[in-house]
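This report refers to the structure that appears directly beneath it.
Along the sequence shown, residues carry numbers from 1. What you see is a predicted model, and the numbers here were worked out from it, not measured in a lab.
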Amino acid sequence: MTGNLGGELRTAEFGFPGELRDKLIAAILSGEKTATTSLVVEWELDRDPLPSRGESFSVVDSTDTPVALIEVLDVRVVRLVDVGIAVARREGEGFKSVHEWRVAHEEFWNGCAPELRRRLDDASWTLTDETPILIQHFRLVRALET
């Protein structure tokens, strides 16, 4: 979830453009998705400050069109192994267990691993239980006209 929109709001991009992003946007707009997780290392590589409580973001769809405004309610950094069921459920993707959440997220993040290794210049980087994860809880402020 990074970027700038007209110097005021940062842009929130959920997943990659396409089917996954469309699914996540629908979950945000329906109120099912009220949390998201990301790798802290990605924020560091982008030199993007971590979000802060009370900060608003413009959510963009797969065509980079703003579709919603969200407000960050809580931000925490935890180890991957410490992500719990409450976060998994609030992600709005139907996860019934932490194991389901972890399998899906490891598949997604491991798909990004080659690019992360390249950007880090560290061929040995790997996702582990100790990997720092950014958890954001947010609320939908409003859907935007598209």
Side-chain angles (χ1 to χ4, degrees), residues 1-116 118-120 125 127-146:
M1 248 177 50
T2 62
N4 282 329
L5 175 71
E8 289 183 19
L9 296 179
R10 290 198 278 172
T11 300
E13 298 174 329
F14 289 83
F16 293 119
E19 186 178 339
L20 175 59
R21 184 172 294 174
D22 295 343
K23 176 183 169 185
L24 297 174
I25 296 286
I28 290 168
L29 295 173
S30 74
E32 292 175 58
K33 182 171 183 63
T34 61
T36 192
T37 51
S38 56
L39 299 174
V40 171
V41 69
E42 291 181 292
W43 292 84
E44 293 170 346
L45 286 168
D46 291 340
R47 296 193 171 145
D48 223 356
L50 296 182
S52 56
R53 187 172 189 264
E55 185 174 5
S56 293
F57 282 81
S58 173
V59 178
V60 296
D61 66 11
S62 292
T63 64
D64 287 332
T65 302
V67 294
L69 181 65
I70 60 172
E71 177 188 5
V72 176
L73 302 175
D74 185 49
V75 179
R76 290 184 299 134
V77 174
V78 301
R79 299 176 310 159
L80 176 59
V81 72
D82 294 328
V83 175
I85 189 63
V87 171
R89 288 188 176 139
R90 289 181 184 135
E91 286 232 19
E93 296 178 64
F95 300 119
K96 292 179 178 35
S97 70
V98 172
H99 176 75
E100 281 182 18
W101 174 90
R102 183 150 175 177
V103 167
H105 283 73
E106 283 189 13
E107 181 179 328
F108 179 81
W109 289 328
N110 281 324
C112 302
E115 177 65 11
L116 286 172
R118 184 193 66 73
R119 292 182 67 198
L120 288 165
W125 184 90
L127 197 61
T128 70
D129 283 349
E130 301 301 314
T131 300
I133 303 297
L134 176 69
I135 299 171
Q136 295 180 70
H137 294 276
F138 59 85
R139 72 177 184 90
L140 175 65
V141 175
R142 71 175 182 276
L144 303 175
E145 298 288 325
T146 57

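With rounding to the nearest 0.5 Å, the separation of CD in Glu13 from CD1 in Ile25 is 9.5 Å. Atom CG of Leu45 sits about 9.5 Å away from atom CZ of Arg118, to the nearest 0.5 Å. For the atom pair CZ of Arg89 and NZ of Lys96, the computed distance is 9.0 Å after rounding to the nearest 0.5 Å. Leu127 CG to Arg102 CZ: the interatomic distance, rounded to the nearest 0.5 Å, is 7.0 Å.
Taking each heavy atom of Phe95 and Glu100 in turn, the nearest pair found is CA-OE1, 3.4 Å. Here the shortest heavy-atom pairing between Ala27 and Gly92 reads CB-O, 3.7 Å. Taking each heavy atom of Ala12 and Ile70 in turn, the nearest pair found is CB-CD1, 4.5 Å. Nearest heavy-atom pair, Trp125 versus Val41, reported as atom, atom and distance to 0.1 Å: CZ2-CG1, 4.3 Å. What you find for Pro66 and Leu144 is that their closest heavy atoms are CB-CD1, 3.8 Å. Residues Leu29 and Ala68 share a closest heavy-atom pair of CD2-CB, 3.9 Å.
Between the side chain of Arg53 and the main chain of Leu73, a donor-acceptor pair closer than 3.5 Å is present. Listed for the Ser56 side chain is no donor-acceptor partner under 3.5 Å among the backbone atoms of Glu71.
Looking at heavy atoms from C-beta onward, Leu116 lies in side-chain contact with Glu42 at the 4.5 angstrom threshold. Contact check for Pro51 versus Leu134: side-chain heavy atoms found under the 4.5 Å cut-off. Under the 4.5 Å side-chain criterion, counting only non-hydrogen atoms from C-beta, Leu39 is in contact with Ile133. Counting heavy atoms from C-beta outward, Val83 and Val78 have side chains that approach closer than 4.5 Å. Taking 4.5 Å as the limit, some side-chain heavy atom of Val87 sits within range of a side-chain heavy atom of His137. Residues Thr63 and Arg21 are not in side-chain contact: their nearest non-hydrogen atoms beyond the backbone lie 4.5 Å or more apart. Side chains of Cys112 and Arg119 form no contact here, defined as non-hydrogen atoms less than 4.5 Å apart. Thr128 has its side chain out of reach of Arg79: every pair of non-hydrogen atoms, C-beta onward, lies at least 4.5 Å apart.
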- I would like to know whether Phe138 and Ile28 meet side chain to side chain contact (heavy atoms under 4.5 Å, CB included); could you show each step before the answer? CA-CA 10 Å; Phe138 59 85; Ile28 290 168; 4.0 Å; yes
- Would you sort out whether Leu24 and Glu91 count as a side chain to side chain contact (heavy atoms under 4.5 Å, CB included), showing the intermediate values? CA-CA 9 Å; Leu24 297 174; Glu91 286 232 19; 5.8 Å; no
- Message: Assess the residue pair Leu140 and Lys33 against the criterion (side chain to side chain contact (heavy atoms under 4.5 Å, CB included)); give the C-alpha distance rounded to whole Å, side-chain angles, the decisive distance to 0.1 Å, and a yes or no.
- Response: CA-CA 9 Å; Leu140 175 65; Lys33 182 171 183 63; over 6 Å; no
- Audit row: Thr131, Trp109, side chain to side chain contact (heavy atoms under 4.5 Å, CB included) steps and yes/no: CA-CA 11 Å; Thr131 300; Trp109 289 328; over 6 Å; no
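Ring orientation note: the planes of Phe108 and Phe16 are tilted relative to one another, at an angle of 30° to 60°.
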